[in-house]
Amino acid sequence: MKVLVVGGGGREHAIIRKLKESSLVTKLYAAPGNGGISADAECVPIKATDIEKMVDYAKKHEIDFVVVAPDDPLVMGMADAMNEAGIRTFGPNKAAAIIEGSKAFSKNLMKKYGIPTAAYEVFDDPQKAIDYIRVQNTYPTVIKADGLALGKGVVIAEDFHAAEEAVKSMMEDKIFGESGSHVVIEEFLTGPEVSVLAFTDSKVMKPMISSKDHKRVFDHDRGPNTGGMGTIAPNPYYTDEIAERCMKEIFRPTMEAMVKEGRPFKGCLYFGLMLTPKGPKVIEYNCRFGDPETQVVLPLLDTDLMEIFLAIDEERLSDLDIRWKKGAAACVVMASGGYPKKYPTGLPITGLDAGGQTAGATVYHAGTKREGDLYFTSGGRVLGVTAIGDNLTDALNQSYAAVKNISFEGCHYRNDIGGHQNN
Ligand code: AMP
Ligand code: GLY
């Protein structure tokens, strides 16, 4: 099969490298891909959100299957457009992708079907939102833009002033555009966070190995939130007992709720969970693989990923036995100086071979450009260095050892991924 993966980050690189192992896949394309991905797939210069061009390309090149990895093309309906053109896809249609595209939708869904989540209210009027915050008078309080905001639409406000500022900047100054025309104000939850990605064909739900993301930019969870500075899998807090409870109280009810709403979800449903003192609760849903969770989850997958994609498309996931490797995986993200704020690009990267790899780990490229055999930085998150080991310590040691082989000017990474101390 000729397979096209839409997107151009570390997550897409991890999907591509897994698909490369499949005997069902004869040729891989990525659009737009990136420098490192070009070592594993043919990169096509089409923006991930350009639905029309993507469909035209897929038709013209007789692509058999399209994997739509990022949130925005899914929320815009790329899977629908591909299916209308007769091309099979992995990724939910627009009606189902709303589970990530609108926080108001997902919160109302959870309320209607009794799925545990933080208490909340939705507002379309900034004054009403501010009055509600004043009356509630509990801090911290959480303010979320309704729509997609590049992972930046969440503010944890420590006092009334900060909360008011957040509401005004989202609803009046529109810092996230129309995403902020509605806001969700919700209860602040505490407890360890767990990411669970799950394959589903809307009939059964098969969770993948759990993982943990590290969202803050600096060690000891300091500094601003990022797209994710590193991940480990499995998540040590996610016991079998909690997994069973999540299946019963969260995963299956969510899948069934989407069917009842006439929005059956087929693809990868991402559960951002918090293990609160009152049990596991949903922080957020995503309609896609997580980034950088995918960079630790897929390396542990022991079943042909293309087979899974086909089974989901054909709604026969229940027949498939999905196997996982023993052991653990760790991914350390190497970021550009200044990220998540302003950062330079175009800096040469040393320590990578012609294939963009280094000894002892797998290097997933998130933001690189390639010129001949040389690689240059082109994004905020540049590389995700993943190793698998017999246990978490082993995986982390290997990953950090490989990170030390690689450098570029201003490069920074966290030294405490998975609780590891890299000093
Ligand atoms: P999100 O963009 O929805 O993943 O939110 C970003 C981060 O904000 C999450 O990973 C949590 O750490 C935090 N967060 C979101 N909602 C809440 C909440 N209700 N209580 C506490 N922390 C939250
Ligand atoms: N790592 C968080 C996300 O993919 O949204």
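Each ligand, and each atom within it, is numbered from 1 in the order the structure gives. This structure is a prediction, so every number in the text was calculated from the model and none was measured.
With respect to Cys268, the side-chain contact (heavy atoms from CB on, under 4.5 Å) criterion is satisfied by exactly one of Ile308, Val67, Leu197, Ile15: Leu197. None of Glu186, Glu284, Glu121 except one satisfies the salt bridge (Lys or Arg N to Asp or Glu O under 4.0 Å) rule with Lys144; the exception is Glu186.
Taking any N or O of Leu189, backbone or side chain, at least one lies under 3.5 Å from an N or O belonging to ligand 1. Geometrically, ligand 1 and Glu187 share a nitrogen or oxygen pair separated by less than 3.5 Å.
Short contacts between ligand 1 and Glu284, defined as distances under 4.0 Å to a heavy atom of the residue, involve ligand atoms 1 (P), 3 (O), 4 (O). Those atoms of ligand 1 with a heavy atom of Glu186 less than 4.0 angstrom away are 16 (N), 17 (C), 18 (C), 19 (N). Listed by atom number, the atoms of ligand 1 under 4.0 Å from Ile156 heavy atoms are 13 (C), 14 (N), 22 (N), 23 (C).
Cation-pi geometry between Lys107 and Tyr285 is not met at under 6.0 angstrom from the ring centre and within 45 degrees of the axis.
Partners of Lys18 according to the salt bridge (charged side-chain N to carboxylate O under 4.0 Å, His left out) rule, which considers only residues two or more places apart in sequence or in another chain, are Glu21.
Aromatic ring orientation, His13 versus His365: perpendicular (interplanar angle above 60°, classes split at 30° and 60°). Ring orientation note: the planes of Phe199 and Phe309 are nearly perpendicular, at an angle over 60° on the 30°/60° scale.
Within the model, atoms OG of Ser378 and CG of Asn34 stand 6.5 Å from one another, a figure rounded to the nearest 0.5 Å.
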One line per pair, note the atom names and distance for all nitrogen or oxygen contacts under 3.5 Å between ligand 2 and the protein.
residue: ligand 2; atom: 1 (N); partner: Asp213; partner atom: OD2; Å: 2.9
residue: ligand 2; atom: 1 (N); partner: Asp291; partner atom: O; Å: 2.9
residue: ligand 2; atom: 1 (N); partner: Glu293; partner atom: OE1; Å: 2.8
residue: ligand 2; atom: 1 (N); partner: Glu293; partner atom: OE2; Å: 3.3
residue: ligand 2; atom: 4 (O); partner: Arg288; partner atom: NH1; Å: 3.0
residue: ligand 2; atom: 4 (O); partner: Asp291; partner atom: N; Å: 2.9
residue: ligand 2; atom: 5 (O); partner: Asn286; partner atom: ND2; Å: 3.2
residue: ligand 2; atom: 5 (O); partner: Arg288; partner atom: NH2; Å: 2.9

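Under a 4.0 Å N-O distance rule, the pair Arg216/Asp416 does not qualify as a salt bridge.
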